[in-house]
Amino acid sequence: MGTRIALLGAGRTAAHLGLALAAVGQPVQVLGARDADKARPLAAALGLPVLSPAAAAAAADWVFLCVRDAAIEPLCAQLPWRASQLVLHCSGATELNALDAARLAGAAVAGFHPLQLMADPLPSSAEALRAFEGIRIGIEAESPWRTELDALALALGATPLHLQAGQRARYHAAANAAASALLAPLDLAARQAAQALSCSTEQAWEALAPLAEGTLRAARARGLAGALSGPLARGDAAVLAAHLQALQGRDAELYRSLMQALLPLAAQRLEPDALEPLIRVLDRAADPS
Ligand SMILES: NC(=O)c1ccc[n+]([C@@H]2O[C@H](COP(=O)([O-])OP(=O)(O)OC[C@H]3O[C@@H](n4cnc5c(N)ncnc54)[C@H](OP(=O)(O)O)[C@@H]3O)[C@@H](O)[C@H]2O)c1
């Protein structure tokens, strides 16, 4: 009999992982959830019954705790572990010591963190598989589990990325900076464009979205400095000063901070004498006296 895999939790990560594993021919055999009614749609999609978390943990060899970060440690502490098991969580931020209860019972512990945004509560099989294609999966595990988890990541179409203990807060801050933090300048952009164009923020975002997508495509093709455009790429201090004058209040402050944060990338493109006027404009905006 092969390895029996259980998912505990029936949220977005469990849905993507479960459906993608089924799509690559490595289906999970067990689904556990604290609320059977809420888990029913995923259970139906996976063709599995919903067990209690304790029954699911007891019935599997590998057990993925796909629950929100704060629930990992207390849930792990309530479950009946045994020495032959591998107990995993899917969090980027939570250190593996949240799984100490399983370790104390003799089980092995590991982390398996898809570096991906999974927003859909119940994707189709194809969407779930697409979410893993070409991504990195952050893996923290000891040998021989690491080799097996690397193989699982590869089977999903992803590439393993080995995480170090003690580095998760920094790693997850980086992930958050590359994901949700992008929305702050996009929100500023949509509101300011809505004012300039006398339209709704939704219409403004529609107009701006291809620009944002083009920037990400350029950043992947040419690197971050290579994707820089606008006054910071051209050393155009007059246009930058006009931008700063047009904005007020918190948006002006955020825009200035964002432009300052881009100076190291601009420095990779511009000669020092072209960079200097940009720095002066940004410093002047910070200190209008
Ligand atoms: N979504 C993403 O983009 C993403 C990406 C990478 C990693 N992750 C990680 O994956 C993990 C799960 O995140 P998610 O986005 O899938 O969350 P989610 O969609 O909110 O689902 C969380 C699941 O955990 C269950 N749960 C919460 N507290 C529980 C408890 N005390 N006991 C048993 N079950 C409990 C919930 O059950 P109820 O419905 O009963 O509350 C729900 O089924 C987190 O560690 C997260 O950091 C998420």
Side-chain angles (χ1 to χ4, degrees), residues 5-21 28 30-46 48-60 62-81 87-99 101-102 109-123 127-141 149 152-153 156-161 163 167-183:
I5 299 180
L7 301 179
L8 302 194
R12 292 161 297 168
T13 304
H16 284 79
L17 188 57
L19 290 164
L21 283 171
V28 304
V30 184
L31 179 66
R34 63 177 175 180
D35 183 331
D37 284 340
K38 277 201 211 165
R40 211 87 67 200
L42 176 59
L46 295 174
L48 294 172
V50 186
L51 305 186
S52 70
W62 289 16
V63 182
F64 284 86
L65 272 58
C66 300
V67 299
R68 63 191 171 83
D69 286 44
I72 293 171
E73 188 165 7
L75 179 62
C76 182
Q78 314 171 353
L79 297 175
W81 303 115
V87 181
L88 308 100
H89 72 54
C90 293
S91 162
T94 304
E95 295 285 342
L96 289 191
N97 59 15
L99 302 175
V109 300
F112 193 82
H113 173 243
L115 201 44
Q116 174 63 292
L117 173 65
M118 294 177 282
D120 191 340
L122 193 60
E127 286 162 347
L129 194 53
R130 210 172 307 126
F132 287 91
E133 272 167 9
I135 70 162
R136 303 291 193 276
I137 295 184
I139 290 171
E140 187 182 345
L149 292 171
L152 190 68
L156 287 165
T159 303
L161 187 69
L163 304 184
Q167 290 296 320
R168 281 177 174 269
R170 187 190 296 269
Y171 160 75
H172 195 252
N176 195 39
S180 294
L182 295 178
L183 300 175

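What you see is a predicted model, and the numbers here were worked out from it, not measured in a lab. Every number for a ligand or one of its atoms is a count from 1 in the order of the listing.
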Report each N/O pair between ligand 1 and the protein that falls under 3.5 Å, naming both atoms.
unit_1   : atom_1 : unit_2 : atom_2 : d
ligand 1 : 1 (N)  : Met118 : O      : 3.1
ligand 1 : 3 (O)  : Met118 : N      : 2.7
ligand 1 : 10 (O) : Thr13  : OG1    : 3.1
ligand 1 : 15 (O) : Arg12  : NE     : 3.4
ligand 1 : 15 (O) : Arg12  : NH2    : 3.0
ligand 1 : 16 (O) : Arg12  : N      : 3.3
ligand 1 : 16 (O) : Thr13  : N      : 2.8
ligand 1 : 16 (O) : Thr13  : OG1    : 2.9
ligand 1 : 19 (O) : Arg12  : N      : 2.9
ligand 1 : 19 (O) : Arg12  : NE     : 2.9
ligand 1 : 31 (N) : Arg34  : NH1    : 3.4
ligand 1 : 39 (O) : Lys38  : NZ     : 3.2
ligand 1 : 40 (O) : Arg34  : NE     : 3.0
ligand 1 : 41 (O) : Arg34  : NH2    : 2.8
ligand 1 : 43 (O) : Ala10  : N      : 2.9
ligand 1 : 43 (O) : Gly11  : N      : 3.3
ligand 1 : 45 (O) : Val67  : O      : 3.2
ligand 1 : 45 (O) : Asp69  : OD1    : 2.7
ligand 1 : 47 (O) : Asp69  : OD1    : 2.8

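Taking CG of Leu163 as the reference point, atom OH of Tyr171 lies at 5.0 Å (rounded to 0.5 Å). Taken to the nearest 0.5 Å, the NE2 atom of His16 stands 13.0 Å off from the CG atom of Leu7.
Contact detail for Gly111 and Leu96: the closest heavy-atom pair is N-CD2, 3.6 Å. Between Cys76 and Leu65, the shortest heavy-atom distance links the atoms CB-CD2, 4.0 Å.
Annotation: side chain of Leu149 is in contact with side chain of Leu88 (closest heavy-atom distance under 4.5 Å). Residues Ile137 and Leu152 form no side-chain contact, since every pair of their non-hydrogen atoms from C-beta on lies 4.5 Å or further apart.
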